[in-house]
Number of protein chains: 2
Amino acid sequence: MADFKYEIVKTIAVLSESTKGWTKEFNVISWNGRDPKYDLRDWAPNHERMGRGVTLSNEEADKLKEVLNDQVTPELTPAGTLKE
Amino acid sequence: MADFKYEIVKTIAVLSESTKGWTKEFNVISWNGRDPKYDLRDWAPNHERMGRGVTLSNEEADKLKEVLNDQVTPELTPAGTLKE
C-alpha cells in the first residue's frame with residue numbers, strides 16, 4: 001500500500017479472531033487526517049498490519065444496523081449454508 | 001485479482017451510492033463455491049466490478065449487530081467528527 005496515514009481513534013469491538021491471531025475489528029479510524037469514520041477490517045496482532053476492509057459513515061452504519069436488525073430470520077444457518 | 005469465482009446468492013441492501021454510481025452493499029455471497037457468507041463491499045454499477053470489502057460469518061454479523069445497537073450514543077457527530 002502506498003503512502004498514507006491513519007489513526008485508530010477508538011477501538012470499539014473485536015468481532016472474531018483467526019487461528020493466526022488476526023482479528024476482525026469494528027473501530028473508529030481517521031484516514032490521512034480526515035474526519036474519523038467507522039471501520040470494519042482485519043488486523044494482525046497488535047495492529048501491526050491491516051487487511052482489507054470497509055469504512056462506514058454514520059449514515060451507512062445506521063443503515064447497516066437497520067438491515068442487521070431486520071434479519072429476524074437469519075439468511076444463513078449456523079453452519080453457514082443458505083436456508084431453504 | 002487472480003482466478004476466483006463468486007455468486008451473489010442474495011442481495012440484501014444498498015447502504016449508500018457514490019456520485020460515480022458505486023454502491024456500498026450488504027449481500028450474501030458464495031466465494032469459489034464455498035458456503036455463502038455475509039459480505040459488505042463496494043460495487044460498480046450492475047455489479048460489473050467489485051471494490052474491497054469484508055465477509056462476515058453468522059457469528060460476526062451477530063456480534064456486529066450487537067455492537068451497532070450498543071452505540072446508543074453514536075461515536076460520530078452527523079458531520080463525521082468524533083464527539084467530545
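Just so you know, these numbers come straight off a predicted model, no measurement behind them. Protein chains get the first letters and strands the later ones, always in sequence-line order, with residue 1 at the start of each.
Residue Lys24(A) touches chain B through its side chain alone, counting heavy-atom pairs closer than 4.5 Å.
Put simply, the side chain of Val9(B) does not reach to within 4.5 Å of the side chain of Ile29(B), judged on heavy atoms. Here the side chains of Thr11(B) and Phe26(B) are not in contact, with every heavy-atom distance at 4.5 Å or above. Here the side chains of Leu56(B) and Lys37(B) are not in contact, with every heavy-atom distance at 4.5 Å or above.
By the salt bridge (charged side-chain N to carboxylate O under 4.0 Å, His left out) test, Asp39(B) is found to be paired with Arg41(B), residues two or more places apart in sequence or in another chain being considered. Remark: Asp42(A) engages no residue in a side chain to side chain donor-acceptor pair (under 3.5 Å) (not counting sequence neighbours). Thr55(B) pairs by the side chain to side chain donor-acceptor pair (under 3.5 Å) definition with nothing, not counting sequence neighbours.
Heavy-atom proximity under 4.5 angstrom to chain B picks out Ala13(A), Val14(A), Leu15(A), Ser16(A) from residues 13-22 of chain A.
Ring geometry for Trp43(B) versus Tyr6(B): interplanar angle of 30 to 60°, hence tilted.
Contact count versus chain B (heavy atoms, under 4.5 Å) is highest, among Lys63(A), Glu60(A), Glu66(A), for Glu60(A).
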